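Since the model is a prediction, treat every value here as computed from it, not as a measurement. Numbers restart at 1 for each chain; the letters A, B, ... are given by sequence-line order, proteins then strands.
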Amino acid sequence: MVLDTMQRLTAYLRNRPVELKHIKDSGEKKIVAHFVGDYLPVEIIHAAGAVPLGLVHGGDPEAVEAAHRAILRYLCPFSRAQFGYWVLGEQSYYSLFDLLVAPITCQHLRRAADLYNVHTDVPIFRLGVPQPYDGEQGAQYFSEGLEFLKQRVEELTGNKVTEAKLRESIALYARMRDLLRQISELRKSPRPPITTTEFIKLNHAAHIADPNFMVELLDTLYQELRDKEGPERTGPRILITGPNIALGDYKVLDLIEECGGTVVVEDIAEGVIFYWENVATDGDPMAALVDRYIRRRPVNCSFMRPTMDQHFDFIIKLADDFSVDGIVWYQLRMCETWSIESFFLADRMKARDASLPMLKLDSEYDVADRGPLRTRIETFIETLEGRTLACSKV
Amino acid sequence: MFEGVEAYRELLTTCDFSPEEIDNELPRLKKAFDKAGLTVEDVKRCRERMITYFEADTLRGARMALGLHIRAFVDMVMAGEEHDVRIYGHLPLMAGHCVLGAAELARPDAYIGLPDLICHMVLGAFFNKLDPLLEASEAWCLPAGLAHCGCSQAKIGGRLTDVVPPATLHVSAGNYCDEAPKVDEVLAYHFKEPVVWCNRCQDESFDDPPMDDRHLKYFSANIRRTKDAISEAVGAEVTNQMIMQTMMATEEVGKEFKRIQDYRAESDPSPISVVTTDMAAALVGIDMTPRGLSKVAEMMKVLADEVQDRVERGVGVVPKGAPRVMYAYVLPFASPAVGKAFEEAGLNVCVREGYGSMPIWSRREEIAKLDPCDIVAGIFLHNPTLVKPRWRADVVVLGYNKAKLDGIVMLPHYSCRVFGTDFPMMRDMVRKELGDIPITVLETDVFDPRYYTAEQARTRIESFSEMVRAAKASAA
Ligand code: SF4
Ligand code: SF4
């Protein structure tokens, strides 16, 4: 059954580019792509009758390489790939959109947006993302930005974003997040009925698929999984944290599983960060969006400041809730802010009496990474296994 | 007296200290140099570098500028012992200098400074001894190989090695890159030193005019908050009037500096080395207090007069008729030899990116009606170099045409996602406007001398020089 539902999703996603191409060519709807990272309320795009499309692909060294014609190498591979896919012209999602919304989060994605400006005719909308430190004034700025975004998508689609439509979209996405969280929490079980790779793929799909389809699929899946137990697993339980794990960047997840570990939860933008907190479905809808996306985030990404206290405490809590034995910190090379934060997590855990072994990895999406990554992951899992064994003897 | 005292005296003489000043300052200076691990041999080498790269043997203005740098370094190292309140700005402090500098008027006994730049100039450019700071931070939270910028590494290294004493308040530039404000979070998180972030959202449209009211308001509100945090830290209000007074002091420096820039842009042969000019200009960022700025203005006037004298005598640092090129945006502080290599390759590096664009002060009357925090925000948001690549490219084209140049040197700063990554885009946009003119995108490192040396750069600079000459010859 579960297999059927996942296969249904795979089949749907295989056909999604064709479907979107048809939507675009027929003029039925506009396609509004956006850089992911959970700072953009896609509900507004959906309420305008456009198709929101999260650009979630990555992990492909060729896309990174293709961007080098136009940019230097010290952007992270994910952001380079966001432009590289357009250059390559081989990934249909990257040539289908009528508008690209770029939340100005880190400098890397800001540069990716600039590259589209310089080298393509794609219209770009930049959404200012204030720092958490900026408090209410920042929230106000964000709120104004959302009004501009609303106007922009209204102009693009010719549809008004009415309060009623926005409420509907908020409710739809809220349902999707609730379902993702419910499925996610099933992994607290000693025998998780779904692997984290599968679960992250659901999150990726949520950025690409029609949200109605997604809600129906997640609902079915949840019903199927809720009383099910997965295979018995004896290896250590791992929390993976990092800026993102893109669609196609499954190398580290696969290696952890191959080496005997079980990833039970992910602290990434296309995971926990997306579904952990929800948008309130009552009250003023625009205010509710500002509230969820700025004030009440589960955690702020590390390009924000200050974030370390909040981020580390969130990781520690998550590790506790999911009975984690070790942490894999998986960052992308050249992502300076994650690199800085990584140094301080171990101390924080010590201070909170929650010391867990941690392995820090980084990737350039290079095929040559695989060997060295495997060696390091193997050693880490062995260390954890030794530790788990020792604990169980006590 | 101490061993090697003569070398110290010679250095200070080269830095235009009078004999009385040398007697007075020597004990402090020795203590500060010792703290920073600078030896007699370093002192001797430093003096040689001042002569080799910064025209210390021929220009008194250059010597005065070098002296101001050295004084700033000693003041910074000794600030822990000499001042109860220490407020640090940090690179890239592209806005709010005047707010920071004005703190001196509110609390004259406070130390106000920009340790990052001081370390880069003195330990980096003059002593070539920045490595211990860089290595200290690499061994800690900013490892090598992950493109952490040397600027941030020196900041953390300065604190780890105690070359830079603890701060009462750090003013962090949250208006530009991600690296610097994140590293400043480390100062708060680990060193427990308060930080105020002066943020802006960089969501200006790529093509439309540089700013609108909304961007200005948001940024100026951040500057106001910065001002309040500084007031609190110094225990006295930094008033609008103090900020205006500091701005005026900056303007005095700007006037003299503009004379030098104009001579450089308009004279043949070029009367002063680009390396000397940049070294003198860096002082505006180093001592932004009214007291400090008045000394910088005095130095700048002496230097401008000397440059004028050279122009009148037809004296130059490169041969007459040398091809004229623009550089964008910063030559490596850490390796002054890179700047020199352009001149040694026979190029007249006569204008910097931004040349020919409208200075904000030409709108002075309109601006005078504004709140000073709005003005500071406006100055920043009106600076093409700091805001967006499209506008930067436009300004480069403007400067290229206005100064009738022969080529453009773009110097991406390795590891800087802001200053580094603009350039390939700018090159493409400039080429669209100007056609196939000689442009080189030469990656260097502004702050870290270990990765890009002048020797590595020299081959590319020489090829570029040949390309410019060939283009010039065929145009003729
Ligand atoms: S990985 Fe880091 S640098 Fe790259 S897009 Fe994410 S936050 Fe930005
Ligand atoms: S060099 Fe670049 S990244 Fe480093 S502090 Fe300066 S602007 Fe930021």
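- Ring geometry for A:Tyr116 against A:Phe83 counts as perpendicular: the plane angle is over 60°, on a 0 to 90° scale with 30° as the lower cut.
- Both the backbone and the side chain of A:Asp309 have a heavy atom closer than 4.5 Å to some heavy atom of chain B.
- With a 4.5 Å cut-off on non-hydrogen atoms, A:Ile340 touches chain B through its backbone and its side chain both.
- If you measure heavy-atom distances from A:Glu144 to chain B, the contacts under 4.5 Å come from both the backbone and the side chain.
- For B:Ser415, the part sitting under 4.5 Å from any heavy atom of chain A is the backbone (N, CA, C, O) and nothing else.
- Contact tally against chain B (heavy-atom pairs below 4.5 Å) for A:His108, A:His119, A:Gln140, A:Met304: the top residue is A:His108.
- The shortest side-chain heavy-atom distance between B:Cys198 and B:Asn175 does not fall under the 4.5 Å cut-off.
- Both tests hold for B:Arg159 against B:Phe191: distance to the six-membered ring centre under 6.0 Å, angle to the ring axis within 45°.
- In this pair, A:Trp329 and A:His311 present their aromatic rings tilted. The plane angle is within the 30 to 60° band.
- Residue B:Cys416 touches chain A through its backbone alone, counting heavy-atom pairs closer than 4.5 Å.
- With a 4.5 angstrom heavy-atom cutoff, B:Pro181 touches chain A via backbone and side-chain atoms both.
- Under 4.0 Å is where a charged nitrogen must lie from a carboxylate oxygen, and between B:Lys388 and B:Asp207 no such pair does.
- Aromatic ring orientation, B:Tyr189 versus A:Phe312: perpendicular (interplanar angle above 60°, classes split at 30° and 60°).
- For chain B, the nearby parts of A:Leu115 are the backbone and the side chain; heavy atoms of each come within less than 4.5 Å.
- Taking the centre of each ring, B:Phe219 and B:Phe380 come in below the 6.0 Å mark.
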Run the side-chain hydrogen bond (donor to acceptor under 3.5 Å, both in side chains) test on A:Lys360 and A:Ser342 for me, step by step, so that the C-alpha distance in whole Å, both residues' side-chain angles and the decisive distance to 0.1 Å come before the verdict. CA-CA 8 Å; A:Lys360 182 177 156 189; A:Ser342 69; 3.0 Å; yes

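- For the pair A:Pro130/B:Tyr218, a side-chain contact is recorded, criterion being any heavy-atom separation below 4.5 Å from C-beta on.
- A heavy-atom distance below 4.5 Å is found between the side chains of A:Arg111 and A:Asp114.
- When heavy atoms are compared at a cutoff of 4.5 Å, A:Glu364 does not approach chain B at all.
- When heavy atoms are compared at a cutoff of 4.5 Å, B:Arg214 approaches chain A by way of both its backbone and its side chain.
- Taking a 6.0 Å sphere around CD of B:Glu138, one finds it holds more than 12 heavy atoms contributed by other residues, nucleotides or ligands.
- Counting non-hydrogen atoms of neighbouring residues, nucleotides and ligands closer than 6.0 angstrom, the NZ atom of A:Lys350 reaches no more than 12 such neighbours.
- For a residue to count as touching a neighbouring chain, one of its non-hydrogen atoms must lie under 4.5 Å from one of that chain's; by this rule B:Val183 touches chain A with backbone and side chain alike.
- Contact of B:Met425 with chain A is made through backbone and side chain together, with heavy-atom distances under 4.5 Å.
- Heavy-atom distances place the backbone of A:Arg69, and not its side chain, under 4.5 Å from chain B.
- Checked for salt-bridge contact, B:Glu179 and B:Lys182 miss the test: no charged N lies under 4.0 Å from a carboxylate O.
- Interface residue A:Val118: backbone and side-chain heavy atoms are both found under 4.5 Å from chain B.
- At a 4.5 Å heavy-atom cutoff, the contact between B:Leu146 and chain A is made by backbone and side-chain atoms alike.
- In this structure, the portions of A:Phe344 lying under 4.5 Å from any heavy atom of chain B include both its backbone and its side chain.
- When the candidates B:Leu142, B:Val186, B:Asp184 are compared by the number of heavy-atom contacts under 4.5 Å with chain A, B:Val186 comes out ahead.
- In this structure, chain A has heavy atoms under 4.5 Å from both the backbone and the side chain of B:Tyr414.
- For A:Ser302, the parts lying under 4.5 angstrom from a heavy atom of chain B are both the backbone and the side chain.
- Both the backbone and the side chain of B:Asp178 have a heavy atom closer than 4.5 Å to some heavy atom of chain A.
- Looking at A:Phe148, the atoms closer than 4.5 Å to chain B (heavy atoms on both sides) all sit in the side chain, from C-beta outward.
- With chain B as the partner, the residue from A:Arg305, A:Arg333, A:Arg126 showing the most heavy-atom pairs under 4.5 Å is A:Arg305.
- For A:Asp134 and B:Arg200, the salt-bridge test fails: no basic side-chain N is under 4.0 Å from an acidic carboxylate O.
- Within the 4.5 angstrom heavy-atom criterion, atoms from both the backbone and the side chain of A:Tyr74 approach chain B.
- Taking A:Phe125, A:Tyr141, A:Phe303 one by one and counting their heavy-atom pairs under 4.5 Å with chain B, the maximum is reached by A:Tyr141.
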